[in-house]
Amino acid sequence: MCAMPSAEKTPPTRAHPSASEREPQPALPSQQDEVAAAGSELIGGPVGRRALLLTTWWTPVRVIALVALGMFALGMVQKAPCYNGAWFVGASSQYTHACYSDIPHLYQGRGFADGLVPYFDKLPGDMRYLEYPVLTGLFMEVAAWLTPGSGSLQHQEKVYWMVNAGMLMVCTAVIAVCVSRIHRRRPWDALLVALAPAFALTATINWDLFAVALTAAAMLMWSRGRAVAFGLLLGLATAAKLYPVLLLGPLLVLCWRAGRWREAVAAFASTAAAWLVVNLPVMLLAPDGWAKFYSFSRERGVDFGSFWLILAQRMDDPPTTDTVNKLAMALMLLACLGVAALAFTAPRRPRFAQLAFLVVAAFILTNKVYSPQYVLWLVPLAALARPRWRDFLVWQACEVAYFLGIWLYLAYTTSGDAHRGLPTEGYQVAIAVHLLGTLYLCAVVVRDILMPERDVVRRTGEDDPGGGVLDGAPDVFVLGPAADSSRYGAPDHGGAYVKWGSSDDRSP
């Protein structure tokens with residue numbers, strides 16, 4: 001790694017660079033990442049300095065979108081054994097083929113096959129109302145409207161899954177396009193999302209991609225300095241899934257450190273407004289159905305994928321659901337306080353994507369359940385927070401291991417005396433692998449925050465390309481030793497220009 005130049009020896013920059021100097025030039029992964037360079041040998045090797053880029057129809061955004069759709073299609077192929085009968089035959093067949101999906105089962109289980117209206121009509125059985133947020137319920141209902149009511153129930157369930165898969169494929173394209181456009185000079189970072197194996201494997205298990213697409217669009221709006229549009233999209237994302245609201249925490253502390261209170265207030269207000277517009281009609285007209293998602297989340301016991309399950313399976317007297325709820329909330333609050341302290345004391349204000357990834361990862365690590373499709377929440381954030389192939393692939397390998405582990409464990413528990421699959425101890429190892437993989441990625445992101453010269457995004461001298469109004473903004477509130485240091489000052493704002501690292505430095 002090149003030596004870090006001191007602020008005193010670095011020449012000052014002009015306050016208003018010319019248009020040609022501001023024109024973003026795409027960063028090429030094959031020239032900056034050793035894993036990408038090695039992988040590029042499959043298609044002819046790294047891009048040369050004289051290559052003609054962006055001169056054809058095949059722009060990075062279009063290439064990435066097509067790759068993402070291709071991987072999504074491969075994920076659909078992986079579900080073929082279930083589509084061809086494993087969803088409906090035997091208790092464990094869908095698990096031994098690792099092709100389970102909630103979508104076909106909930107077509108009848110949540111009343112869509114019978115024409116029941118979500119949140120308003122009671123369901124037969126223990127689940128009296130649909131247990132999903134309102135906007136996801138609407139997504140499910142629209143897919144039901146597009147599903148023909150003729151043929152056998154199994155045929156309708158297969159068509160319902162296919163209709164949902166088509167709608168989720170559109171969400172995949174939105175995610176790929178948005179992530180590729182957030183960092184103007186680094187569109188190829190979105191290739192991490194497009195090629196993520198866990199993304200393809202889990203894309204059609206549930207409806208999470210809808211919320212992920214809205215969240216990615218919101219982050220794109222924030223990167224363009226459009227705080228109100230960001231809030232409106234984030235409010236819609238929160239109306240589809242609860243986790244997107246967590247992004248407001250990182251936004252608050254970053255705007256606090258930069259003194260950007262007007263943008264923070266606009267983002268918070270528009271988020272609340274969009275969420276209320278979607279939820280208020282159902283809240284008033286069908287309060288019991290609307291509240292089911294929140295009561296179900298509170299009453300749900302310790303479940304798959306969490307470290308709480310390991311504890312419960314190994315303890316003679318496991319904690320009650322109420323106790324786990326309180327402890328999980330306390331751990332999440334401690335993690336958020338830690339992220340806030342990191343944001344205020346880091347030598348340079350962290351990038352928005354870095355803190356967003358850490359907060360959502362903290363929620364996943366401390367939550368009492370981790371469904372395999374929850375990895376979709378983190379994939380775009382990880383690509384933006386730590387766009388290095390080695391670390392990303394290490395984490396993805398851990399997630400694929402967990403994906404296989406949970407289905408083999410369910411195959412074991414549903415195969416009777418045959419016990420075909422992964423026993424409890426093996427599944428606990430799979431959970432530990434998932435937890436350690438996520439913690440590893442969190443660790444390297446924290447290291448990048450504490451040592452900005454190690455951050456591949458900042459290595460060429462940029463500050464926060466996805467930060468919108470935060471990009472290059474001076475700090476006005478800093479705690480600890482960083483408050484007295486000019487080594488990592490904001491670039492392009494008068495004083496000394498700080499070069500974070502060297503553009504040809506490939507050190508991890």
Side-chain angles (χ1 to χ4, degrees), residues 72 76 79 83 87 100-175 202-215 217 232-245 274-297 300 371 373-374 376-377:
F72 184 94
M76 293 179 65
K79 301 294 186 292
Y83 185 85
W87 281 328
Y100 173 84
S101 173
D102 289 325
I103 294 173
H105 298 299
L106 295 188
Y107 178 66
Q108 182 186 30
R110 297 302 178 266
F112 295 106
D114 300 320
L116 301 182
V117 179
Y119 312 109
F120 291 85
D121 293 336
K122 289 186 178 181
L123 303 173
D126 296 334
M127 191 67 69
R128 303 307 303 274
Y129 294 99
L130 183 67
E131 75 279 20
Y132 287 85
V134 171
L135 205 56
T136 293
L138 178 60
F139 189 97
M140 299 162 73
E141 178 73 350
V142 169
W145 294 340
L146 298 174
T147 301
S150 58
S152 66
L153 178 60
Q154 287 188 9
H155 173 73
Q156 293 178 42
E157 289 175 340
K158 291 165 65 173
V159 173
Y160 184 65
W161 178 83
M162 189 64 73
V163 170
N164 275 278
M167 295 167 66
L168 293 172
M169 181 176 281
V170 175
C171 295
T172 298
V174 170
I175 294 166
T202 62
T204 57
I205 291 179
N206 202 278
W207 293 270
D208 294 63
L209 274 184
F210 182 41
V212 176
L214 289 169
T215 304
L232 292 175
L233 286 166
L234 194 71
L236 294 177
T238 305
K241 204 76 179 179
L242 188 59
Y243 90 91
V245 75
W275 185 88
L276 279 173
V277 166
V278 172
N279 282 271
L280 197 58
V282 182
M283 191 188 308
L284 295 177
L285 298 176
D288 292 337
W290 174 85
K292 183 60 182 178
F293 165 69
Y294 302 96
S295 62
F296 175 75
S297 300
R300 185 178 188 177
S371 297
Q373 72 271 12
Y374 288 3
L376 298 171
W377 306 355

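Here salt bridge (charged side-chain N to carboxylate O under 4.0 Å, His left out) pairs that include residues 102-126, with residues two or more places apart or in two chains, are Arg110-Glu131.
A donor-acceptor pair under 3.5 Å is absent between the side-chain atoms of Tyr107 and the main chain of Leu153, judged by distance alone. One N or O on the side chain of Tyr119 and one on the backbone of Pro133 form a donor-acceptor pair closer than 3.5 Å. Counting only distance, with no hydrogens or angles, the side chain of Gln156 and the backbone of Gly151 share a donor-acceptor pair below 3.5 Å.
Separation of atoms NZ (Lys241) and OG1 (Thr136) is listed at 6.5 Å; rounding is to 0.5 Å. For the atom pair OH (Tyr294) and CG (Leu242), the distance works out to 6.5 Å, reported to the nearest 0.5 Å. Rounded to the nearest 0.5 angstrom, Asn206 CG and Tyr100 OH are separated by 8.5 Å.
Considering only residues two or more places apart in sequence or on other chains, Leu285 meets the side chain to side chain contact (heavy atoms under 4.5 Å, CB included) condition with Phe120. Not counting sequence neighbours, Tyr243 has no partner by the side chain to side chain donor-acceptor pair (under 3.5 Å) test.
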Test side-chain contact (heavy atoms from CB on, under 4.5 Å) applied to Leu376 and Ile205, step by step: CA-CA 11 Å; Leu376 298 171; Ile205 291 179; over 6 Å; no
Verdict with supporting geometry, Glu157 and Trp161, side chain to side chain donor-acceptor pair (under 3.5 Å): CA-CA 6 Å; Glu157 289 175 340; Trp161 178 83; over 6 Å; no
Working for side-chain contact (heavy atoms from CB on, under 4.5 Å), residues Arg128 and Asp288: CA-CA 9 Å; Arg128 303 307 303 274; Asp288 292 337; over 6 Å; no
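Trp290 has its side chain within reach of Val134: a pair of non-hydrogen atoms, C-beta onward, lies under 4.5 Å apart. The shortest distance between side-chain heavy atoms of Thr204 and Asn164 does not fall below 4.5 Å.
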